[in-house]
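By convention in this document, chain letters (A, B, ...) are assigned in the order of the sequence lines, proteins followed by strands, and residues within each chain are numbered from 1. All values below come from the heavy atoms of this structure, side chains included, with hydrogens, waters and symmetry mates left out.
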Amino acid sequence: MADPVDYSLLDAPASHVVDTARGLLGWQLEANGVRVAITEVEAYAGVGEDPASHSHRGPTERSSVMFGPAGVLYVYFVFGMHWCMNVTAGHEGEAAAVLLRAGKVIGGVELARSRRGPVADRELARGPARLSVALGIDGSANRTSLLDGTGPARLIPAAAVPPATIRSGPRVGVAAAHDVPWRFWLDGEPSVSAYRRHTPRRRTGTPGTSDTPGTRRTS
DNA sequence: ACGCAGATAATCT
DNA sequence: GATTATCTGCGTG
């Protein structure tokens with residue numbers, strides 16, 4: 001008989017989402033014929049605690065999955081073209097999630113390459129949107145379980161990595177709470193994405209909008 | 001190496 | 001109508 005899978009890491013309150021995030025490093029994720037080892041994550045907390053979190057202002061149609069039980073996939077669409085994957089955390093009724101930012105492909109490399117194009121192996125799942133592409137995950141997988149095999153993706157526990165190999169720093173690309181060091185990665189892993197500060201977008205609307213002499217649109 | 005600009009659409013105010 | 005938990009390509013050093 002197969003050993004029971006130990007998901008006790010996920011049986012923690014939402015207030016421990018940082019510990020859950022750190023604990024997910026080294027775990028494996030398998031979906032659609034590709035398997036990765038998780039090398040980089042970010043923690044996101046709940047209502048009123050974390051201005052960078054989608055659940056900061058309470059449940060919405062998009063973020064309500066963060067208020068459900070742990071171990072569910074939260075897939076969201078950003079910037080008009082990219083899908084990002086999270087593992088929900090915390091007990092039912094509390095909001096928390098861990099963004100999966102990067103992985104090292106350890107199975108189905110050819111399939112991952114066919115989805116990602118001719119890039120170096122370390123780039124196959126380097127960055128949250130690239131990870132989703134490599135695993136063949138999009139919005140149709142949103143709200144499916146990562147634990148019971150009913151969805152396309154499955155989380156596979158692994159022994160905790162040595163704490164000394166975990167590094168931390170500010171989360172990538174977030175506008176709010178940009179100093180909170182809730183990004184965690186495995187030291188020296190080439191699959192870890194580069195840090196990028198949030199870059200404020202220039203105003204998108206029609207050009208001629210009144211005063212503010214400092215705002216120059218390009219040419 | 002690093003910085004910037006553009007692409008492009010759901011979500012929320 | 002503003003914002004965005006990104007990526008790519010191109011410029012400069």
Side-chain angles (χ1 to χ4, degrees), chain A residues 14 17-18 20-22 24-25 38-67 72-90 95-103 112 115-120 122-135 137-143 168-185 190-210 212 214-219:
Chain A
V17 63
V18 164
T20 304
R22 290 169 56 97
L24 283 171
L25 290 172
I38 298 168
T39 58
E40 181 188 2
V41 296
E42 283 174 1
Y44 287 87
V47 181
E49 307 164 30
D50 180 8
S53 174
H54 289 167
S55 55
H56 177 229
R57 296 176 185 258
T60 64
E61 186 174 351
R62 177 175 70 167
S63 69
S64 63
V65 60
M66 288 180 67
F67 291 78
V72 173
L73 197 51
Y74 166 35
V75 185
Y76 69 90
F77 191 62
V78 273
F79 291 102
M81 57 193 101
H82 299 303
W83 297 101
C84 295
M85 305 170 64
N86 298 251
V87 179
T88 60
V98 177
L99 173 68
L100 303 178
R101 286 201 56 90
R115 294 178 177 138
R116 285 275 297 119
V119 299
R122 75 182 59 167
E123 305 266 331
L124 286 172
R126 187 175 191 248
R130 293 154 154 189
L131 174 71
S132 297
V133 170
L135 291 170
I137 292 294
D138 63 17
S140 65
N142 191 28
R143 298 173 183 267
S168 65
R171 293 171 292 185
V172 174
V174 297
H178 54 272
D179 287 333
V180 176
W182 280 7
R183 172 186 177 227
F184 304 97
W185 68 93
S191 61
V192 171
S193 64
Y195 177 69
R196 287 175 185 161
R197 191 173 119 259
H198 173 73
T199 56
R201 304 272 29 172
R202 197 155 296 289
R203 206 168 307 197
T204 56
T206 54
T209 327
S210 65
T212 56
T215 60
R216 52 171 172 157
R217 295 187 80 254
T218 37
S219 73

Checklist line | For B/dT8, the Watson-Crick or wobble counterpart (both distances under 3.5 Å) | finding: none
Check: At under 4.0 Å between heavy atoms, what does A/Arg183 touch on the DNA or RNA strands: base, sugar-phosphate, or nothing?
Finding: nothing
Checklist line | Nearest-neighbour nucleotide for the A/Met81 side chain, C/dT6, B/dC12, B/dT8 considered | finding: B/dT8
Next item on the list: Send over the distance from A/His56 NE2 to C/dA5 C1', rounded to a whole Å.
Entry: 15 Å
Next item on the list: Can you tell me the distance, in whole Å, between the CH2 atom of A/Trp83 and the C1' atom of B/dT8?
Entry: 13 Å
Check: Does the pair A/Glu123/A/Arg116 count as a salt bridge with the N-to-O cut at 4.0 Å?
Finding: no
Margin query: Check this for me: does the side-chain of A/His54 come within 3.5 Å of the base of C/dA5 through a donor and an acceptor?
Written below: yes
Next item on the list: Find the distance A/Arg62:CZ to C/dT3:P and express it as a whole number of Å.
Entry: 15 Å
Note to self: If the threshold is 4.0 Å, N to carboxylate O, is there a salt bridge linking A/Asp179 and A/Arg171?
What the structure shows: no
Item checked: Residue met sooner reading DNA chain C from 5', once A/Ala97 and A/Val119 are mapped to nucleotides -> A/Ala97
Notebook entry, point to check: Is there a Watson-Crick or G-U wobble partner for B/dT13 with both distances under 3.5 Å, and if so, which one is it?
Noted result: none
Notebook entry, point to check: Once you round it to whole Å, what is the distance between P of C/dA5 and CZ of A/Phe184?
Noted result: 18 Å
Check: Given C/dT8, is OP1 or OP2 found less than 4.0 Å from the side-chain N or O atoms of A/Arg116?
Finding: yes
Item checked: Crowding at CZ, A/Arg122 (>12 non-hydrogen neighbours, <6.0 Å) -> no
Next item on the list: Please evaluate the base of B/dA10 for a donor-acceptor partner in the side chain of A/Tyr76 within a cut-off of under 3.5 Å?
Entry: no
Next item on the list: Would you check if A/Phe79 stacks with the base of B/dA7, given a 5.5 Å centroid limit and a 30° plane limit, both strict?
Entry: no
Item checked: Whole angstrom value for the distance that separates C1' of B/dT13 from CD of A/Glu61 -> 16 Å
Note to self: Please determine whether a side-chain nitrogen or oxygen atom of A/Arg196 lies at a distance below 4.0 Å from atom OP1 or OP2 of B/dC2.
What the structure shows: no
Next item on the list: Could you check how far CE of A/Met66 sits from P of B/dC12, rounded to whole Å?
Entry: 12 Å
Item checked: From B/dT11, C/dT6, B/dA9, nucleotide with atom closest to A/Phe77 side chain -> B/dA9
Check: Between B/dC2 atom C1' and A/Arg197 atom CZ, what is the distance in whole Å?
Finding: 12 Å
Check: Think A/Arg126 has a side-chain N or O under 4.0 angstrom from the OP1 or OP2 of C/dC7?
Finding: no
Next item on the list: Answer yes if the side chains of A/Ser193 and A/Arg126 hold a donor-acceptor pair under 3.5 Å, and no otherwise.
Entry: no
Item checked: Test side chain to side chain donor-acceptor pair (under 3.5 Å) applied to A/Ser55 and A/Arg62, step by step -> CA-CA 9 Å; A/Ser55 55; A/Arg62 177 175 70 167; over 6 Å; no
Next item on the list: Assess the side chains of A/Tyr74 and A/His54: does a donor N or O sit below 3.5 Å from an acceptor N or O?
Entry: yes
Note to self: Using a heavy-atom cut-off of 4.0 Å across all strands, would you classify A/Arg171 as base, sugar-phosphate, or nothing?
What the structure shows: nothing
Check: Rounding to a whole Å, what distance do you find between A/Arg57:CZ and C/dA2:C1'?
Finding: 13 Å
Notebook entry, point to check: Checking all strands, does A/Ala129 fall into the base, sugar-phosphate, or nothing category for heavy-atom contacts under 4.0 angstrom?
Noted result: sugar-phosphate
